[in-house]
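Working notes, beginning with the structure itself.
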There are 2 protein chains.
Amino acid sequence: MSTNDIAGGMNTKASSVTDMLKKLADKNLAEYIPYKGTRLTQNGINCATQIIRKHRLWEVFLVEKLDFSWDEVHEVAEQLEHIQSRKLIDELDKLLNFPKYDPHGDPIPDAQGNYEKTVKTAISQLEKGQSGILAGVHDTSTRFLQYLDKHQIELGTQIQLLELEAFDGSCLIKTDLKELHISKTIADNLYLKVL
Amino acid sequence: MSTNDIAGGMNTKASSVTDMLKKLADKNLAEYIPYKGTRLTQNGINCATQIIRKHRLWEVFLVEKLDFSWDEVHEVAEQLEHIQSRKLIDELDKLLNFPKYDPHGDPIPDAQGNYEKTVKTAISQLEKGQSGILAGVHDTSTRFLQYLDKHQIELGTQIQLLELEAFDGSCLIKTDLKELHISKTIADNLYLKVL
DNA sequence: ATTAAAATTTAGTCTTGCCTAAAAAACAGG
DNA sequence: CCTGTTTTTTAGGCAAGACTAAATTTTAAT
């Protein structure tokens with residue numbers, strides 16, 4: 001990973017990222033070579049995986065138990081993911097019946113950090129005529145998720161690619177319910193398990 | 001409240017408390033007169049009440065839904081109480097069926113900040129022969145709560161004061177199950193709703 | 001009323017996390 | 001292979017919270 005990419009993705013400045021990378025390297029969470037970029041150590045990956053586990057479990061909790069909709073969960077889960085208690089998270093997992101996927105279709109690591117790595121393909125990568133099951137979304141912003149709700153597209157919806165417009169990457173897709181024309185941006189964000 | 005009392009109760013130094021009191025005063029959460037002490041404003045009371053609401057609701061959640069025992073909940077609830085989301089807490093309240101008391105018998109404020117103010121009396125304050133229902137504990141340390149568990153004393157247990165030893169304040173009490181001799185420290189920490 | 005002790009505040013320091021601006025390194029096109 | 005541009009790091013600063021030590025105010029005891 002490059003310093004600038006991290007800064008961009010985190011809404012912070014490159015110099016802050018450099019500072020933090022040094023601290024992560026000190027804690028053995030990342031390898032860092034000045035000017036050459038950084039990468040998580042195995043230790044760092046494990047650590048991150050556990051935070052992802054917590055984030056996604058909390059998202060399931062919010063949707064299943066507290067009637068949140070899938071576009072409302074992210075920011076609250078971002079707070080909850082930092083609560084420190086092994087017992088808390090394992091019991092939460094049990095309460096939710098050990099879910100495998102979060103409300104956006106992303107896999108939830110188990111207590112050992114293992115998770116299913118299903119191959120998912122963006123609609124924009126499909127060949128004309130192929131179809132699949134919506135298994136994940138890339139963008140989880142409220143606006144995008146509400147767009148999907150409006151068009152009755154949700155995880156598990158079967159989608160077929162009818163036409164792919166070479167010029168702008170937009171395409172025509174078909175669900176059980178209707179046909180819909182979507183932009184390349186949307187098509188890049190919808191991940192299918194191809195049938 | 002005096003600065004030193006706050007510092008003592010919070011495991012911090014008096015000078016840190018002074019700093020923070022100024023900040024609270026700036027935010028209109030406390031009145032603060034140098035050298036004279038401090039007191040929460042109505043605003044501050046409301047704010048604190050909502051944090052107490054969150055803390056106690058999370059405690060109920062941990063015990064009822066996640067199989068925590070009452071001596072394990074405090075430190076996790078101390079983290080959870082700072083999660084910011086009105087919807088989260090109101091939905092949690094609903095999930096738990098709007099409980100009135102936390103696992104230690106303390107009342108839970110409702111969304112408007114109202115809570116039951118039952119009169120509770122420490123065993124050490126009772127007259128010989130009086131009895132009541134255990135309605136709260138003062139100390140919530142693990143050691144104390146486990147002591148109670150060991151002697152099968154829990155919220156709702158009916159307790160009668162048989163003897164009060166004037167010399168050391170210790171006393172003999174009787175529950176449904178047995179008689180027990182307890183120190184003044186214990187007697188100060190058990191609060192009854194007197195019958 | 002005076003003064004010693006206790007309580008409280010102030011002054012100055014440290015760490016963490018972030019920022020801006022300047023410097024240094026890497027890279028890319030001629 | 002050199003030089004201008006981009007990327008990244010360094011240097012220095014700021015705010016929040018906490019601390020120690022010194023100063024100040026309050027309190028209580030003679």
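Small disclaimer: the values here were computed from a predicted structure and weren't measured. Only heavy atoms go into these numbers, but all of them, side chains included; no hydrogens, no water, no symmetry mates.
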Notebook entry, point to check: Do B:S170 side-chain atoms and B:K184 backbone N/O form a donor-acceptor pair below 3.5 Å?
Noted result: no
Next item on the list: Measure the distance from CG on A:D19 to C1' on D:dT8 and round it to the nearest whole Å.
Entry: 12 Å
Check: Can you find a side chain N or O atom of B:T3 that sits less than 4.0 Å from OP1 or OP2 on C:dT9?
Finding: yes
Note to self: Without decimals, in angstroms, what is the distance between A:K22 NZ and C:dG17 C1'?
What the structure shows: 14 Å
Margin query: Classify the ring geometry of A:W58 against A:F61: parallel below 30°, tilted from 30° to 60°, perpendicular beyond 60°.
Written below: perpendicular
Next item on the list: Quickly work out the B:I33 CD1 to D:dT25 P distance and round it to whole Å.
Entry: 16 Å
Notebook entry, point to check: Rounded to the nearest Å, what distance is computed from the NZ atom of residue B:K23 to the P atom of nucleotide D:dA16?
Noted result: 6 Å
Next item on the list: Determine whether A:L92 and A:V60 make a side-chain contact, defined as any pair of heavy atoms from C-beta on separated by less than 4.5 Å.
Entry: no
Note to self: Taking only side-chain N and O atoms of B:T18, does any of them lie within less than 4.0 angstrom of OP1 or OP2 on C:dT10?
What the structure shows: no
Note to self: Using whole Å, what does the distance between atom P of nucleotide C:dA6 and atom NZ of B:K13 come to?
What the structure shows: 18 Å
Next item on the list: Take atom CG of A:D5 and atom P of D:dT7, then tell me their distance rounded to the nearest Å.
Entry: 9 Å
Notebook entry, point to check: Nearest to the side chain of A:T12, which nucleotide is it out of D:dT26, C:dA24, C:dC19?
Noted result: C:dC19
Check: Does the D:dT8 base have a donor-acceptor partner in the side chain of A:S15 within less than 3.5 Å?
Finding: no
Item checked: Polar side-chain atom of A:Q160 near backbone of A:G129 as donor-acceptor pair, under 3.5 Å -> yes
Check: Rounded to whole angstroms, how far apart are CE on B:M20 and P on D:dA16?
Finding: 10 Å
Item checked: C:dT9 phosphate, OP1 or OP2, under 4.0 Å from B:Y32 side-chain N/O -> yes
Margin query: Classify B:S16 by what it touches in the nucleic acid, base, sugar-phosphate, or nothing, heavy-atom distance under 4.0 Å.
Written below: base
Notebook entry, point to check: Quick one: B:N4 CG to C:dA5 P, roughly how many Å, whole number?
Noted result: 18 Å
Item checked: Any donor-acceptor N/O pair, B:Q130 side chain to B:E127 backbone, under 3.5 Å -> yes
